[in-house]
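Side chains are part of it too, since the values below use all heavy atoms of this structure and drop only hydrogens, waters and symmetry mates. All of these numbers come straight from a predicted model, not from anything done at the bench.
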Amino acid sequence: MIEDLHHAPPPVPSSALGAVRLADWGVIRAQGEEAAKFLHTQLTQDLALQTGAQARLAGYCSAKGRLLATMLAVKPDDQSVLLALPAEVVPATVKRLSMFVLRAKCKLSDDSAAWAVWGLSGAQARDWLAEAGEGAAPAATWSVGRVPLADGREALATRLPDDGLTPRFLLLQPADAPAPALPVIDPEEWQGLDVTAGLAWVRQGTVEQFVPQMLNLELLGGVNFQKGCYPGQEIVARSQYRGTIKRRTHLFALDGSDADATPGQEIFHSADPDQPAGMVAGFGRQEGRPLLLAEVKLAALESGTLHLGSASGAVLTPRPLPYVIGEPE
């Protein structure tokens, strides 16, 4: 199976170029002079040194190093941090983080009603941002552009990882701001761009299923191994430096144009029908064709075939990731 993992990716279809309101996403606000300092002690990334021009991909782990959530952190000002993440895990994340605030000068709240989360993709989207103002269309991955709005407020555009073919941005803007003047794309086509970028977000079905490396989070810039402690930090570090990573997320096409997959759904190997070999981490479409990210045992890629749901389910065909999965240093 591994022989097919390094071919060049196909062109991004026009159906995935434009803008989509990510109605299934929410926003957590951390407010207060110690907001960044507090989150720095809880997440896998360095928020203490983060500037307003930088975004942080970060994970929130249990004490056992298992991901409870993955999120994008941006700083709209010096007193607050916004965390964008799938809405289905927002309530539990706010509740758990709030348990550890203690005396820190930080207040956490679900701020989803105040913000609209948009996915933007393609050269037209990049140009639309660039026309809004200087620096509004950031060129470097995980950098943030400030997008001035007509009423004097700002939106925040973060450059996301992509498959090397088309620029992508996550736009956070006030909920009552006008929609981007771009073609509307289907949510599953946007999710397909996440999949081909190799970026899987923790959703309800995958809470506490993965250590960060299983989702390739450190390869995407989501783990800082030099920062101080956070929940699960020892386990995450041990996995990285002791060579104990035996499972990774890979990209696959799913046989059958009508096929669907759900994060958390099990993957089986043809030679071992009774034991799951992995789990769906993300699902989307590219011109209607189903694609998925699946966390699988590395040994399962050496021979045989992988199948969705059971050993007789739809076949998973390997596709290339835009980054290389190598051995930990």
Side-chain angles (χ1 to χ4, degrees), residues 16 19-30 39 42-45 47 55-62 66-74 81-98 108-121 142 156-158 160-162 168-173 175 185-212 214-217 220-223 231 249 251 260-265 279-285 290-295:
V20 58
R21 173 77 180 266
L22 302 180
D24 61 338
W25 274 62
V27 175
I28 298 172
R29 176 183 286 274
L39 290 174
Q42 299 296 312
L43 305 180
T44 61
Q45 257 291 7
L47 271 70
R56 293 282 196 258
L57 173 67
Y60 183 39
C61 295
S62 69
R66 297 275 166 162
L67 286 166
L68 300 165
T70 50
M71 61 200 71
L72 181 75
V74 295
V81 180
L82 299 179
L83 306 174
L85 66 165
E88 61 209 82
V89 297
V90 164
T93 303
V94 172
K95 181 179 180 179
R96 188 179 181 95
L97 280 170
S98 296
L108 294 162
S109 61
D110 182 347
D111 213 28
S112 302
W115 295 92
V117 184
W118 288 84
L120 311 181
S121 64
W142 306 127
L156 302 170
T158 298
L160 295 176
D162 55 53
R168 298 199 311 140
F169 306 87
L170 194 77
L171 181 70
L172 290 179
Q173 66 176 26
I185 60 176
D186 186 272
E188 284 196 336
E189 293 285 336
W190 171 260
Q191 291 164 7
L193 294 176
D194 266 345
V195 170
T196 56
L199 177 58
W201 302 96
V202 170
R203 293 186 176 270
Q204 191 61 52
T206 55
V207 169
E208 291 195 84
Q209 295 300 315
F210 313 122
V211 297
M214 290 180 184
L215 287 188
N216 306 336
L217 200 68
L220 290 158
V223 182
T249 292
L251 171 59
D260 280 307
T262 303
Q265 196 169 359
M279 178 176 289
V280 175
F283 176 78
R285 295 185 184 276
L291 299 170
L292 60 82
L293 288 169
E295 174 266 359

* Return the set of residues passing ring pair (Phe, Tyr, Trp, His ring centres under 6.0 Å) with W201 (not counting sequence neighbours), or none when no residue passes. => W25
Heavy-atom side-chain proximity of [X] to [Y] below 4.5 angstrom:
X    : Y    : value
L22  : V20  : yes
V202 : L68  : no
Q204 : V89  : yes
R56  : L43  : no
T206 : L215 : no
Q191 : D24  : yes
W142 : T158 : yes
Y60  : R96  : yes

Spell out, as yes or no, whether a donor-acceptor pair under 3.5 Å connects the side chain of [X] to the backbone of [Y].
X    : Y    : value
R168 : P161 : yes
T249 : M214 : yes
Q265 : T262 : yes
T70  : L57  : no

Atom of [X], atom of [Y] and distance for their closest heavy-atom approach:
X    : Y    : result
L170 : A84  : CD2-CB, 4.1 Å
L39  : A30  : CD1-CB, 3.8 Å
G284 : V195 : N-CG2, 3.8 Å
A113 : A175 : O-CB, 3.4 Å
L220 : A197 : CD2-O, 4.1 Å
L292 : A261 : CD2-CB, 3.9 Å

* Between CG of L193 and CG of L160, what distance do you get to the nearest 0.5 Å? ->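 That separation rounds to 10.0 Å.
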* In sequence, state the C-alpha distance, the side-chain angles, and the governing distance for L172 and V117, and then conclude on side-chain contact (heavy atoms from CB on, under 4.5 Å). => CA-CA 5 Å; L172 290 179; V117 184; 3.5 Å; yes
* Using the six-membered ring of W190, assess whether NZ or CZ of R21 lies under 6.0 Å from its centre and within 45 degrees of the ring axis. =>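 Pair R21/W190 does not count as cation-pi.
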* To do: Any chance you could lay out the side-chain hydrogen bond (donor to acceptor under 3.5 Å, both in side chains) test for D110 and S112, step after step, and finish with the verdict?
  => CA-CA 6 Å; D110 182 347; S112 302; 2.6 Å; yes
* To do: Quick one: list whatever passes side chain to side chain donor-acceptor pair (under 3.5 Å) with E188, sequence neighbours left out.
  => R285
* To do: May I have the step-by-step check of side-chain contact (heavy atoms from CB on, under 4.5 Å) for L293 and N216, ending in yes or no?
  => CA-CA 11 Å; L293 288 169; N216 306 336; over 6 Å; no
* **Test log, rule side-chain contact (heavy atoms from CB on, under 4.5 Å), inputs V223 and Q45** => CA-CA 5 Å; V223 182; Q45 257 291 7; over 6 Å; no
* Asked: S98: what forms a side chain to side chain contact (heavy atoms under 4.5 Å, CB included) with it, not counting sequence neighbours?
  -> V94, L108
